[in-house]
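The structure under discussion appears below in the form of structure tokens.
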Amino acid sequence: MTTLTPGPDSGALHEGDFTDRKLKLAVWKFASCDGCQLSLLDCEDELLALTSRVDIAYFLEATRSVQPGPYDVSLVEGSITTHEDRKRIQAVRRQSRFVITLGACATAGGIQALRNGRDLPEFASMVYAHPEYLDSLDTSTPIASHIHVDFELRGCPVDKHQLLEVLSALLMGRKPAISHHSVCVECKLRGNACVLVSAGEPCLGPITHAGCGALCPSYDRPCYGCFGPAEAANPAALSRRLLGVAPPQDPTIDVPRDALVKAARLHRLLQTFNTLAPEFREEAEHHG
Ligand code: SF4
Ligand code: SF4
Ligand code: SF4
């Protein structure tokens, strides 16, 4: 989702909307680890500056003080995994002009979506002494599967600079300037040696959304795709490179034939944090 598109009931934000009043913000948690909310708390100095422009009306991770809706902007962390949360997200939408989802759980189901299509009761019986007390859906699904979402921020967790850019854009009534290119672009800008080329590591940087500043390759580790798919990603081409397979259109082309991973590992690489991102899921299905 590349534009800030107002939902059917949301009414667009305009420049000057918040010159004589504060933006009323709510932060909601669904099935998640709280890491994306911690990224917001981690803004510290910037949060203090923001409080002159933003009224943090609902943010249970930060304060027990709660103001009722409606809210100008709701930030939503986590995926939908219970009957109760399926209803709660509808209430969040009704109370919010804009809904922004935070992170891999909210935008692509999160690591908890690995249970989708598997035997949930069997999993639950392995973990809980009394699984009969659980009220859980068979699936973990992203927020956009349930309500209109105005903007999605990727990452596990989200990058605090991207988060601040979205909040600043909302305050100014403009579209957030979030780059949609791949981690490789950030990696090259940092002058890193490519771990895929130089060390044969299975790096997902070519198909992964920018935002982290190429964190893992900067420490000589391959990217494992926690920011989800980049715009116009070509997972099939990367799969061929990782599996050491020549492109089908020209089998004589001189590509390295050494396989860096086997198909089963490639499947696992593509099915971690962003399990339900279509670009990753569809490619993983070819190798599962
Ligand atoms: S996206 Fe990652 S950091 Fe954010 S809540 Fe989910 S698991 Fe935690
Ligand atoms: S190390 Fe990974 S992210 Fe960096 S250029 Fe190579 S493939 Fe791209
Ligand atoms: S390099 Fe890849 S796995 Fe590492 S933080 Fe960035 S997007 Fe996530």
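Counting begins at 1 with the first residue of the sequence. Ligands are counted one by one from 1 in listed order, and the atoms in each one are counted from 1 as well.
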task: Output the list of atoms in ligand 3 that are nearer than 4.0 Å to some heavy atom of Phe227, sorted by atom number.
output: 7 (S)

task: Check ligand 2 against Cys194 and write out every atom of the ligand that is under 4.0 Å from a heavy-atom position of the residue.
output: 1 (S), 5 (S), 6 (Fe), 7 (S)

query: What atoms of ligand 3 come closer than 4.0 angstrom to any heavy atom of Thr208?
result: 7 (S)

message: Atom NZ of residue position Lys87 - does it have more than 12 heavy atoms of other residues, nucleotides or ligands inside 6.0 Å?
response: no

message: Show the atoms of ligand 1 that are less than 4.0 angstrom away from any heavy atom in Pro157.
response: 3 (S)

message: Between Arg281 and Glu285, does any NZ, NE, NH1 or NH2 come within less than 4.0 Å of an OD or OE carboxylate oxygen?
response: yes

- request: Nearest 0.5 Å please: distance from the CG atom of Leu153 over to the CG atom of Leu75.
  value: 8.5 Å

Any donor-acceptor N or O pair under 3.5 Å, side chains Gln271, His267: no

- prompt: Counting backbone and side chain alike, does Cys216 bring an N/O/S atom below 2.8 Å of atom 4 (Fe) of ligand 3?
  reply: yes

query: Going by the angle between their ring planes, with limits at 30° and 60°, are His209 and Phe227 parallel, tilted or perpendicular?
result: parallel

query: What residue and heavy atom of the protein are closest to atom 4 (Fe) of ligand 1, and at what distance?
result: Cys36 SG, 2.4 Å

statement: Cys212 heavy atoms within 4.0 Å reach ligand 3 at atoms 1 (S), 5 (S), 6 (Fe), 7 (S)

query: Does ligand 1 have an atom under 4.0 Å from some heavy atom of Gly155?
result: yes

- line: From the list Lys22, Arg21, Gln67, side chain to side chain donor-acceptor pair (under 3.5 Å) partner of Asp55 resolves to Gln67

message: Can you report which non-hydrogen protein atom sits closest to atom 1 (S) of ligand 1, along with the distance?
response: Ala104 N, 3.2 Å

field: Contacting atoms of ligand 2, where contact means under 4.0 angstrom from a heavy atom of Val195
entry: 1 (S)

field: Minimum-distance protein heavy atom relative to atom 2 (Fe) of ligand 3
entry: Cys223 SG, 2.4 Å

- prompt: Does any donor atom in the side chain of Ser218 or Asn192 lie under 3.5 Å from an acceptor atom in the other side chain?
  reply: yes

statement: heavy-atom search around atom 6 (Fe) of ligand 1 in the protein gives Cys105 SG, 2.3 Å

query: Which bit of Lys188 gets closer than 4.0 Å to ligand 2, counting heavy atoms only: side chain, backbone, both or neither?
result: side chain

Side-chain donor-acceptor contact under 3.5 Å, Gln112 with Thr81: no

Spacing of CG belonging to Asp72 relative to CD belonging to Gln95, to within rounding of 0.5 Å: 12.5 Å

- prompt: Which one holds for Pro217 and ligand 3: side chain close, backbone close, both close, or neither close, with close meaning a heavy atom under 4.0 Å?
  reply: side chain

- line: Near Gly225 (heavy-atom distance under 4.0 Å), the atoms of ligand 3 are 2 (Fe), 3 (S)

query: Below 4.0 angstrom, N of the basic side chain to O of the carboxylate: do Arg174 and Glu165 qualify?
result: yes

message: With a cut-off of 2.8 Å, does Cys156 put an N/O/S atom close enough to atom 2 (Fe) of ligand 1?
response: yes

task: Would you mind listing which atoms of ligand 1 come within a distance below 4.0 Å of any non-hydrogen atom of Glu77?
output: 5 (S)

task: Calculate, to the nearest 0.5 Å, the distance between atoms CG and CG belonging to Leu50 and Leu40 respectively.
output: 8.5 Å

query: At a 4.0 Å threshold, what atoms of ligand 1 neighbour a non-hydrogen atom of Ser32?
result: 5 (S)

- request: Would you tell me which option among Cys203, Ala210, Cys184 has the nearest heavy-atom contact to atom 8 (Fe) of ligand 2?
  value: Cys184

query: Quick one: which ligand 2 atoms are inside 4.0 Å of a heavy atom on Pro206?
result: 7 (S)

field: Closest protein heavy atom to atom 3 (S) of ligand 3, given as residue, atom name and distance to 0.1 Å
entry: Tyr224 N, 3.3 Å

- request: Is it possible for you to say whether Tyr71 and Val76 belong to one hydrophobic cluster, with membership spreading through side-chain heavy-atom contacts below 4.5 Å?
  value: yes

- prompt: Which ligand 2 atoms are under 4.0 Å away from a heavy-atom of Gly205?
  reply: 3 (S)

query: So how far is it from Leu102 CG to Phe151 CZ, rounded to the nearest 0.5 Å?
result: 11.0 Å

